[in-house]
Protein chains: 2
Amino acid sequence: MAKAPGHVEGGHLGEFELIARYFAPLAKDAAALALRDDAAVLRPPESREIVISCDTIVAGVHFLPDDPPDSIAHKALAVNLSDLAAKGAKPYVYLLALTLPKEPAPDWLEAFASGLRALQEQAGICLVGGDTTRTPGPLTITITALGLVPQGHAVLRLGAKPGDRLYVSGSIGDACLGLRLLKEPASTKAWGLSEEQSAFLIERYRRPEPRGNLALLVRNFAQGAIDVSDGLVGDIAKLAQVSHVGAVIEAARVPFSPAARQALQHEPKLLETLLTAGDDYEIVAAVPESSAGGFEAEAAAKGASVTVIGRIEGQAGEVRVLGPDGKTLTLERQGFSHF
Amino acid sequence: MAKAPGHVEGGHLGEFELIARYFAPLAKDAAALALRDDAAVLRPPESREIVISCDTIVAGVHFLPDDPPDSIAHKALAVNLSDLAAKGAKPYVYLLALTLPKEPAPDWLEAFASGLRALQEQAGICLVGGDTTRTPGPLTITITALGLVPQGHAVLRLGAKPGDRLYVSGSIGDACLGLRLLKEPASTKAWGLSEEQSAFLIERYRRPEPRGNLALLVRNFAQGAIDVSDGLVGDIAKLAQVSHVGAVIEAARVPFSPAARQALQHEPKLLETLLTAGDDYEIVAAVPESSAGGFEAEAAAKGASVTVIGRIEGQAGEVRVLGPDGKTLTLERQGFSHF
């Protein structure tokens, strides 16, 4: 991050000034060396393990180029915080690699930084370093986020066991509907949505809410967990695959928001899309039957929504989705893949 | 990194297979969870601090799109290892965020992975995670590298003191000449270079050698250090600025390779370019006069080339470059800035 004294010529903002003005205020931790060095120096608390996540978002792929800059920043950080939450980790510090297509306008940078600031304060995480570069291509943001867990207590994908209940947080499918609304505004009418419902779905696409409030519960009760980024069915398939178990999802139990239910009512074949499109950033947790009561009670005490959507059973690596009629659905695909 | 089971259709390589085939073999550390999870879990040794660097390289900006894939991989990792070396840190683990413009050919991936493998084995570092995404733009690679230092022993930019000698490793300016040769092959003749000299300079551009063998020396003898990525003069200016000191560089002492000297002889005005163009990935260290003997002796014992090029003196933040005649050179710019 910390780069060149820069060249300030006629209002041109040098790299050094860009960092000093917009990003150094986000780096309150001493480890960040005020972003004036090439690296951060961390002294993590003893008897903690470090969980590291690294996710890239690209304009035109993971967000729309004209999304509000604060929501782009929010999303870049949120997708990483979602990974930390699924591991049961407490957010610690992050690094920002910002690859910009042109010299950014001050108000764009101001808004981008404010999006980071709002989420990092909410999550209790702090910027400690990164890099700022130029690209002839689209805006590209890679964030590397570090979280902390007591030694040996990170929750992995691979711990799900037969008989576990499968829970999911929040609601599924809102983001893909929000993206559709941004691309095809006429869908608002076609789906009979109110302005508020439409705005809600778009916001769910632009500003996913990392479920940090579930991290401790995941750690205390789940044997395996994953965040849903590439589609509910596909991500449960990954959990099942590395855990060497199978899974059954009951579509009728999957939590949908009122807005998504409204859209579904007008276009029932959206069901498959909602279950597989991704961008949900909800958490799926495999919780043993014996811990289910405690998990649900503590989630309720925190005001966190969790819903049983199925269970771990069946052939290793196989995920079955049961339709509302109890019959197995045949899906065209399970989730999103870049390749 | 760990993503989707993917879709394997008619030879199409899914994201999961891509990772499993090419990158999982680079992730031998248990922390990497075989790249089958969303995050890595690290337990750094006690009484160590973690130094984190994060650098992005973009095709057409930091390397040429048709550079050999193993050299692209090498460079992406090397620029981060260079930062760790300048901090006196021992390489530990890294994360790779690979943003690809199209589905890569197997032989491209094979070569890319082999470039990473060669350098990570040489440096003693291990892949533990990352992300693989698509972009409509150029190939973009962000690596986040973690290094270890004994607590309180990281060498920062800000410790240089008046009277310190300024050392630089290796040779300066080769990479910018190599880039020029790639863009204007006729320069080989214009500069009177042999084929070997030309190939040497190109290799220095494509495959910078991180000076990991100097990390311990930097830690033991330097009060401040920086790696030269954006130009020798500009990077020394950064060191001076955050250390609140000035610096004097004697151009006549700056180490140039025989190939660079050859080019300089034919085109003396290249001097300013060599001193400011960057991409050197050499280390500048500010070493107190009293430690200079020890530093030089240990560098010699390791077979590492270090050269005194100036000293810390003068007004805070000001860098003077003395020409071969002892007079201050006026430079058009000090170094490279993206903005």
Side-chain angles (χ1 to χ4, degrees), chain A residues 3-7 13-15 18 33 36-44 46 49-56 58 60-61 83 86-87 95 97 99 103 129-138 140 142 144 151 154 156-157 226-227 230 234 237-238 241-242 333-339, chain B residues 3-7 13-15 18 33 36-44 46 49-56 58 60-61 83 86-87 95 97 99 103 128-138 140 142 144 151 154 156-157 226-227 230 234 237-238 241-242 333 335-339:
Chain A
K3 281 281 171 74
H7 308 279
L13 188 71
E15 200 169 343
L18 185 158
L33 307 170
R36 296 194 305 170
D37 215 304
D38 266 334
V41 182
L42 303 173
R43 192 180 300 191
E46 290 192 8
E49 281 175 349
I50 298 177
V51 174
I52 309 192
S53 151
C54 176
D55 273 326
T56 299
V58 179
V61 181
D83 280 328
K87 298 275 153 298
L95 296 97
T99 302
E103 185 176 341
D131 195 15
T132 310
T133 48
R134 285 288 285 274
T135 179
T140 303
T142 298
T144 304
Q151 281 186 6
L156 309 181
R157 284 183 182 176
I226 189 169
D227 79 316
D230 296 332
K238 292 178 220 169
Q241 189 172 41
V242 300
R333 55 174 217 162
Q334 293 190 321
F336 176 81
S337 170
H338 279 289
F339 299 101
Chain B
K3 281 283 170 73
H7 309 279
L13 189 70
E15 201 169 342
L18 185 156
L33 307 169
R36 295 195 303 170
D37 215 304
D38 266 335
V41 181
L42 303 173
R43 193 181 297 191
E46 291 194 7
E49 280 175 350
I50 298 177
V51 174
I52 309 192
S53 151
C54 175
D55 273 326
T56 299
V58 179
V61 180
D83 281 327
K87 299 277 153 296
L95 297 97
T99 303
E103 185 176 343
V128 291
D131 194 15
T132 310
T133 48
R134 286 287 287 274
T135 178
T140 302
T142 297
T144 303
Q151 282 187 5
L156 308 181
R157 285 183 180 175
I226 189 169
D227 79 316
D230 297 332
K238 291 178 222 170
Q241 189 173 40
V242 300
R333 57 174 213 159
F336 176 80
S337 171
H338 278 287
F339 299 100

* Asked: Taking all atoms of both residues into account, what is the closest heavy-atom pair of B:Arg134 and A:Val61, and its distance?
  -> O-CG2, 3.5 Å
* Structure fact -> So, the part of A:Ala40 with a heavy atom under 4.5 Å from chain B: the answer is both
* Side chain to side chain, A:Ile50 and B:Pro44, heavy atoms closer than 4.5 Å -> yes
* **Region of A:Thr142 that comes under 4.5 Å of a non-hydrogen atom in chain B** => side chain
* Taking all heavy atoms of A:Pro138 and all of A:Thr140, pick out the closest pair and write down the distance. => O-OG1, 2.9 Å
* Asked: So which of A:Gly137, A:Ala97, A:Pro136, A:Ala39 has the biggest tally of heavy-atom pairs under 4.5 Å with chain B?
  -> A:Ala39
* **All side-chain hydrogen bond (donor to acceptor under 3.5 Å, both in side chains) counterparts of A:Thr99, not counting sequence neighbours** => A:Thr133
* Side chain from CB out, backbone as N, CA, C, O: work out which of these in B:Leu95 comes under 4.5 Å of a heavy atom of chain A, or both, or neither. => side chain
* Lys/Arg-Asp/Glu bridge criterion (N-O < 4.0 Å) met for A:Asp227, A:Lys87 -> no
* Which atoms of A:Gln151 come close to chain B, meaning under 4.5 Å heavy atom to heavy atom: side chain ones, backbone ones, both, or neither? -> both
* **When B:Leu156, B:Val128, B:Ile226 are compared by non-hydrogen pairs under 4.5 Å with chain A, the top option** => B:Leu156
